[in-house]
Number of protein chains: 2
Amino acid sequence: MLDDLDRKLLDILVKDSRASLKELAQQVGLSSPSVSERLRRLEERGVIRAFTVEIDPEALGYPLQAIVRIRPLPGKLHIVQQLIEEIPEFGECDKVTGDDCFVARLYVRSMSELDKLLDRIADKAETSTAIIKAQPIRRRPPPMGNA
Amino acid sequence: MLDDLDRKLLDILVKDSRASLKELAQQVGLSSPSVSERLRRLEERGVIRAFTVEIDPEALGYPLQAIVRIRPLPGKLHIVQQLIEEIPEFGECDKVTGDDCFVARLYVRSMSELDKLLDRIADKAETSTAIIKAQPIRRRPPPMGNA
DNA sequence: ATGAAATGCTGGACGATCTGGACAGAAAGC
DNA sequence: GCTTTCTGTCCAGATCGTCCAGCATTTCAT
């Protein structure tokens with residue numbers, strides 16, 4: 001599916017998605033049109049979901065983050081899921097097995113905002129909230145083999 | 001701190017970090033040298049943490065993900081944290097308030113690999129694992145105002 | 001107020017980079 | 001063994017990024 005060169009390109013792009021085709025090309029030992037073509041195909045196949053930028057939430061005014069576990073009350077699952085999706089402060093949400101139906105990340109400006117946001121789902125689900133104190137590992141991709 | 005143009009640039013870059021300076025420039029109504037300078041400063045100030053690429057984990061051979069809550073045994077906190085950081089299959093880890101000391105995301109190839117990886121910390125911490133069934137919201141930044 | 005300095009922008013020139021097309025070689029299918 | 005397909009290279013025209021000089025606006029000390 002992916003060959004070594006693809007993995008190597010991905011590895012470089014994870015660290016710098018603005019790397020020029022020329023630079024990518026010399027790193028992997030191809031010409032730039034070839035690299036261009038590979039990138040096009042990686043994107044087309046969905047291997048590359050997006051070229052994006054990682055932003056410090058604090059710079060946008062969100063100094064606090066919380067992990068919220070959410071157990072919708074009987075019959076409320078879909079309403080709760082929709083509500084979560086509509087609240088832009090949710091920065092991530094996974095639907096999981098087990099008692100907790102959803103595990104989500106919430107960006108907030110303050111404790112009172114956290115309280116206010118959780119109130120919006122309080123009548124439709126039970127929640128358990130944990131404030132994030134530190135981030136030992138920030139989002140990174142799974143191992144890419146020998147890259 | 002950030003003005004409207006900065007937010008607009010970030011908004012565009014979140015969706016396409018390979019956008020050319022020229023394109024960014026016309027979207028925000030500046031010249032390309034100005035945009036170049038703004039990007040340089042956003043990066044320098046740490047607002048932009050990284051230009052990166054979002055990869056489909058499945059394409060790298062990791063079709064399963066789990067959320068693992070980790071409660072190190074007394075005195076084992078640092079060892080556990082170090083262990084987590086060293087295991088590349090952990091794709092994210094937050095240190096939180098409450099009983100669960102860490103909440104982490106684990107990429108795995110199979111259930112048996114999940115079991116094998118959790119065994120590596122089993123003698124140093126209690127864990128609760130939830131398999132991810134769906135991702136209603138994939139990683140996204142907090143609201144950027146009127147962008 | 002006023003002048004100096006700093007900031008942030010523009011436009012143009014030049015060099016670097018990208019794109020698209022013509023073509024070549026290896027692998028796969030008939 | 002020949003054709004088709006896939007992946008790559010090379011080249012030239014088009015596009016893009018960077019550097020620099022100059023200008024407007026703001027800030028601040030006088």
Side-chain angles (χ1 to χ4, degrees), chain A residues 1-63 141-147, chain B residues 1-63 141-147:
Chain A
M1 191 91 184
L2 294 185
D3 64 15
D4 283 356
L5 264 33
D6 288 325
R7 273 189 288 269
K8 202 158 178 178
L9 289 172
L10 292 176
D11 189 52
I12 299 168
L13 288 170
V14 164
K15 292 169 199 144
D16 177 15
S17 63
R18 282 183 81 78
S20 69
L21 292 182
K22 191 189 181 198
E23 187 175 325
L24 292 165
Q26 41 201 48
Q27 296 272 334
V28 301
L30 287 179
S31 64
S32 49
S34 306
V35 171
S36 177
E37 177 63 12
R38 277 176 182 260
L39 294 193
R40 195 191 60 71
R41 282 172 29 219
L42 286 170
E43 203 172 356
E44 184 187 57
R45 283 192 284 162
V47 174
I48 294 178
R49 287 212 180 114
F51 293 92
T52 188
V53 98
E54 195 187 318
I55 301 173
D56 178 4
E58 192 158 353
L60 295 175
Y62 293 83
M144 297 202 282
N146 44 11
Chain B
M1 191 91 181
L2 295 186
D3 66 15
D4 283 356
L5 294 180
D6 287 326
R7 274 189 287 269
K8 201 158 177 177
L9 288 172
L10 292 175
D11 189 53
I12 299 168
L13 288 170
V14 164
K15 293 170 198 145
D16 177 16
S17 64
R18 282 184 79 80
S20 68
L21 292 183
K22 192 187 181 198
E23 188 176 325
L24 292 164
Q26 41 202 47
Q27 296 271 334
V28 301
L30 288 178
S31 64
S32 50
S34 304
V35 171
S36 177
E37 176 64 11
R38 278 175 181 260
L39 294 193
R40 195 191 60 71
R41 284 156 45 83
L42 286 170
E43 202 172 357
E44 184 188 55
R45 284 193 284 162
V47 174
I48 294 178
R49 287 213 180 114
F51 292 91
T52 188
V53 98
E54 194 188 317
I55 301 174
D56 178 5
E58 192 159 354
L60 295 175
Y62 293 82
M144 296 202 280
N146 45 13

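Everything numeric here is computed off the predicted structure, so don't read it as measured data. For the numbers below, each heavy atom of this structure counts, side chains included, while hydrogens, waters and symmetry mates do not. Each chain gets a letter, A, B and so on, in the order the sequences are listed, and its residues count up from 1.
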Protein-nucleotide distance ([X], atom [atom1]; [N], atom [atom2]), rounded to Å:
{"X": "B:R38", "N": "C:dT10", "atom1": "CZ", "atom2": "P", "result": "9 Å"}
{"X": "A:D3", "N": "C:dA27", "atom1": "CG", "atom2": "P", "result": "14 Å"}
{"X": "A:L24", "N": "C:dT19", "atom1": "CG", "atom2": "P", "result": "12 Å"}
{"X": "B:L30", "N": "D:dG17", "atom1": "CG", "atom2": "P", "result": "14 Å"}
{"X": "A:E37", "N": "D:dT9", "atom1": "CD", "atom2": "P", "result": "12 Å"}
{"X": "A:D6", "N": "D:dC6", "atom1": "CG", "atom2": "C1'", "result": "14 Å"}
{"X": "B:E44", "N": "C:dG8", "atom1": "CD", "atom2": "P", "result": "12 Å"}
{"X": "B:K22", "N": "C:dT10", "atom1": "NZ", "atom2": "P", "result": "15 Å"}

Check the interface with nucleotides 18-25 of chain D: list each N/O to N/O pair with the protein under 3.5 Å, or write none.
from	atom 1	to	atom 2	distance (Å)
D:dT18	OP2	B:S36	OG	3.4

Could you tell me the separation between the [atom1] atom of [X] and the [atom2] atom of [Y], rounded to the nearest 0.5 Å?
{"X": "B:L39", "Y": "B:L13", "atom1": "CG", "atom2": "CG", "result": "6.0 Å"}
{"X": "B:R7", "Y": "B:M1", "atom1": "CZ", "atom2": "CE", "result": "11.5 Å"}
{"X": "B:D16", "Y": "B:L24", "atom1": "CG", "atom2": "CG", "result": "8.0 Å"}
{"X": "A:L9", "Y": "A:R38", "atom1": "CG", "atom2": "CZ", "result": "6.5 Å"}
{"X": "A:Q26", "Y": "A:S20", "atom1": "CD", "atom2": "OG", "result": "7.0 Å"}

| query | So does A:R40 get a side-chain nitrogen or oxygen closer than 4.0 Å to the phosphate oxygens (OP1/OP2) of C:dT19? | reply | no
| field | Under 4.0 angstrom between A:R41 side-chain N/O and D:dC6 OP1 or OP2 | value | no
| task | Return the 5'-most residue of the pair A:S31, A:R18 with respect to DNA chain D, ranking by each residue's nearest nucleotide. | result | A:S31
| remark: Ranking C:dT10, D:dG8, D:dG17 by distance to the side chain of B:S34, first place goes to C:dT10
| request: Look at all strands and tell whether B:S20 reaches a base, only sugar-phosphate, or nothing, counting heavy atoms closer than 4.0 Å. | output: sugar-phosphate
| Using 4.0 Å as the upper bound for N to carboxylate O, is an ion pair formed by A:R41 and A:E44? | no
| said: So if I take the C1' atoms of five pairs at each end of the helix from C:dA1-D:dT30 to C:dC30-D:dG1 and get each local axis, what angle do the two axes make, rounded to 10 degrees? | reply: 40°
| message | Just so I know, are the side chains of B:R45 and B:L2 near enough to count as touching, which here means a heavy-atom distance under 4.5 Å? | response | yes
| For the residue pair A:M144 and A:V14, what are the closest heavy atoms and their distance? | CE-CG2, 4.4 Å
| field | Minimum heavy-atom distance between B:T52 and B:S17, given as atom pair plus value | value | O-OG, 3.7 Å
